[in-house]
Peer 1: 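Can you read through this structure? Questions will come right after.
Quantities reported herein were computed from a predicted structural model and do not represent experimental measurements. The figures here come from the full heavy-atom set of this structure, side chains too, leaving out hydrogens, waters and symmetry mates.
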Amino acid sequence: MTRWLPKSLLGQVTLAVALTLFIVQGVNGFLAWSIEKDRAETGLVNTLGLRLVASARIREGGAEKLVARISPGREVSRRSEQDRPRRMGRRFSGTDFTRETGFQTLPQDRAMPELQERLAETLRENGREFTDIRLVERPVSADPIAQRFLQRLALRRGYAPEDLPDSIAVAGITDGNGWDVVRAPIRKPHERYGPLFPLLQAGILTLLLSFVLWLVLRRITGPLAQLTTRTEEFSRRPGQSEPMEPHGPEDVRRLIGAHNAMEARIGAMLAEKDVMLGAIGHDLKTPLAALRVRVESVENAAARERMVDSIEDITLTLDEILALARVGKSDAAPERTDLAALAASVVEEFEDMGETVDLETQRIVATIHLTWLKRGLRNLVSNALRYGGGARVSVLQEGDAAVLRVEDSGPGIPEDRIADMLEPFTRGEASRNRATGGAGLGLTLARAVAEQHGGELHLSNRPGGGLRAEFRLPL
């Protein structure tokens with residue numbers, strides 16, 4: 001599931017705030033919907049309760065005084081013996097009161113048990129006695145009394161037919177001597193848009209607020225993303241790009257300024273190191289060359305050969321140290337190169353020296369620093385021949401990476417020492433004799449070359465024995 005989550009700071013913060021806003025707005029909307037629903041139900045219960053409390057006095061002929069005292073401005077209607085409405089003072093708005101021998105239940109009726117209990121409690125609190133109570137929701141189309149009343153109500157108040165409710169609440173109570181039945185329209189403002197409307201409203205508000213938040217956060221995270229890219233570039237090619245222009249909020253501008261100062265200081269230190277190494281190389285190679293000439297005057301051939309070997313070891317080690325320091329310092333731009341042709345040229349060099357190297361390639365074109373990658377591959381093949389007794393070079397593509405693989409059939413490297421072997425001056429064999437491995441800078445130089453290209457050098461032991469070394473370069 002986490003793979004679908006945004007990876008950037010901008011995306012994660014926006015998603016977190018958007019989810020929070022959606023939940024909060026959704027809860028608020030649902031609560032408002034519930035409050036409106038409860039208000040409508042309470043109003044219906046109070047209306048029915050008032051009319052049922054008044055029904056006893058209406059039957060006794062005291063409707064005029066009762067209505068004037070309880071609900072001024074409202075109207076009450078009553079059915080006469082000839083089933084014809086007759087004015088008794090004022091009418092109750094929205095209902096007809098009838099006296100019936102029984103509570104008629106229709107197939108279309110829907111019971112309302114919760115509201116029925118609330119209505120019973122309201123009647124008891126107001127002193128209205130009864131032995132049984134009924135409350136149902138009934139379509140207006142199934143109730144002729146409700147139809148006649150709603151038609152009068154529409155004419156009197158100027159309602160359009162679509163403004164009238166589709167259902168009506170019918171409530172009745174009995175004390176054992178007939179039923180008092182009242183009706184009241186059911187209005188459901190909370191169902192105007194349905195219970196999903198709060199979620200829809202929350203979603204729209206969340207999108208609007210998230211868009212505004214995204215604009216604000218982008219002003220913060222945009223410079224941070226650029227700073228990240230700049231840091232990655234600096235790690236590959238330190239001191240070879242212009243300082244980043246500070247922009248964004250004040251805190252981010254200060255961070256960029258501090259980063260520029262750090263880059264400048266690191267660049268100065270690296271430049272000083274290069275100058276120092278160049279001076280050391282020059283100052284050491286001159287006396288080594290003179291010493292090499294003087295060694296020729298030694299009469300003892302065995303001693304002279306050992307001296308020459310020592311001088312050659314020192315010279316080659318010095319060359320590797322200087323090469324390692326110069327990786328990534330070239331001003332030459334990388335060029336598009338066929339990696340299969342590069343690997344073939346390295347293999348040919350070893351074959352010219354009498355070594356056997358197997359080659360398996362496929363054509364892959366990549367943008368590389370040809371000289372450095374060639375040197376790194378040469379180091380891997382040299383190690384395979386020295387320690388593994390043979391080498392096999394493969395060029396292949398895995399996903400979006402080009403792989404230059406060198407395998408041997410030697411003893412491999414203990415798992416707990418693989419990482420250490422990439423560090424400078426670390427060797428599997430303890431001596432510094434070049435015939436058994438040299439100074440231990442070959443793999444370190446190869447790793448530096450891989451990192452120069454934005455890739456990595458990966459070492460692993462083969463299941464069948466031997467070591468596998470791979471350049472993994474992004475395409």
Side-chain angles (χ1 to χ4, degrees), residues 312-313 316-317 319-320 323-324 327 337-364 366 368-398 401-415 417-453 455-473:
E312 291 295 331
D313 286 344
L316 291 174
T317 300
D319 288 340
E320 288 185 350
L324 181 61
V327 172
T337 305
D338 185 353
L339 298 182
L342 181 148
S345 66
V346 172
V347 170
E348 287 177 2
E349 292 178 10
F350 285 95
E351 289 179 343
D352 291 342
M353 294 185 292
E355 302 286 354
T356 302
V357 180
D358 296 329
L359 178 64
E360 180 181 349
T361 64
Q362 64 182 75
R363 189 174 186 275
I364 300 175
I368 61 169
H369 293 276
L370 177 61
T371 302
W372 286 113
L373 186 58
K374 203 170 185 179
R375 180 161 188 168
L377 182 60
R378 191 182 295 122
N379 285 358
L380 296 184
V381 175
S382 178
N383 279 350
L385 292 172
R386 180 180 293 118
Y387 296 108
R392 178 184 180 85
V393 178
S394 304
V395 178
L396 61 151
Q397 181 174 345
E398 292 184 357
V403 179
L404 280 75
R405 177 179 297 164
V406 179
E407 298 174 308
D408 62 52
S409 302
I413 300 175
E415 293 292 339
R417 295 206 61 199
I418 288 180
D420 295 337
M421 296 303 296
L422 298 176
E423 299 301 322
F425 305 108
T426 302
R427 300 181 62 247
E429 197 270 329
S431 73
R432 294 293 172 184
N433 189 330
R434 185 159 297 275
T436 60
L441 291 173
L443 289 178
T444 304
L445 180 62
R447 183 185 66 176
V449 170
E451 292 175 350
Q452 177 196 20
H453 290 83
E456 63 177 353
L457 175 64
H458 185 260
L459 302 181
S460 61
N461 290 310
R462 298 173 59 198
L467 183 69
R468 174 181 294 159
E470 294 179 337
F471 278 120
R472 290 186 169 270
L473 309 178

Peer 1: Pro411 and Tyr387: which non-hydrogen atoms are nearest, and at how many Å?
Peer 2: CD-O, 3.6 Å

Peer 1: With respect to Asn379, which candidate in Leu445, Thr444, Val406 satisfies the side-chain contact (heavy atoms from CB on, under 4.5 Å) definition?
Peer 2: Leu445

Peer 1: Go through Ser409 and Arg392 one step at a time and tell me if the side chain to side chain contact (heavy atoms under 4.5 Å, CB included) criterion holds.
Peer 2: CA-CA 9 Å; Ser409 302; Arg392 178 184 180 85; over 6 Å; no

Peer 1: With a 4.5 Å cut-off on side-chain heavy atoms, are Leu443 and Leu380 touching?
Peer 2: yes

Peer 1: Does a side-chain N-to-carboxylate-O contact under 4.0 Å join Arg472 and Glu398?
Peer 2: yes

Peer 1: Leu339 versus Leu373: any side-chain heavy-atom pair under 4.5 Å?
Peer 2: yes

Peer 1: Using the rule given for side chain to side chain contact (heavy atoms under 4.5 Å, CB included), can you reason through Arg405 versus Leu396, listing the C-alpha separation, both sets of side-chain angles and the distance that settles it, and then say yes or no?
Peer 2: CA-CA 8 Å; Arg405 177 179 297 164; Leu396 61 151; 4.2 Å; yes

Peer 1: If I take atom CG from residue Leu459 and atom CD1 from residue Ile418, how far apart are they, to the nearest 0.5 angstrom?
Peer 2: 6.5 Å

Peer 1: Going through the checks in order, is the side chain to side chain contact (heavy atoms under 4.5 Å, CB included) test met by Asn383 and Leu467?
Peer 2: CA-CA 10 Å; Asn383 279 350; Leu467 183 69; over 6 Å; no

Peer 1: For the residue pair Asp408 and Gly390, what are the closest heavy atoms and their distance?
Peer 2: CB-O, 3.3 Å

Peer 1: Minimum heavy-atom separation for Ala343 to Leu359, with atom names?
Peer 2: CB-CD1, 4.1 Å

Peer 1: Could you report the tightest heavy-atom contact between Ala384 and Glu407, atom names first, then the distance?
Peer 2: CB-O, 4.5 Å

Peer 1: Got a second to check how far Asp338's CG is from Gln362's CD, nearest 0.5 Å?
Peer 2: 10.5 Å

Peer 1: Please confirm whether the backbone N or O of His369 pairs with a side-chain atom of His453, one donor and one acceptor, at under 3.5 Å?
Peer 2: yes

Peer 1: Please report the closest heavy-atom contact between Lys374 and Ser345, naming both atoms and the distance.
Peer 2: CE-OG, 3.1 Å

Peer 1: Please step through side chain to side chain contact (heavy atoms under 4.5 Å, CB included) for the pair Val381 and Phe350, ending with a clear verdict.
Peer 2: CA-CA 9 Å; Val381 175; Phe350 285 95; 3.6 Å; yes

Peer 1: Is Asn461 reaching over with its side chain to a backbone N or O of Pro414, donor-acceptor style, under 3.5 angstrom?
Peer 2: no

Peer 1: Between OG of Ser382 and CD of Glu355, what distance do you get to the nearest 0.5 Å?
Peer 2: 8.5 Å

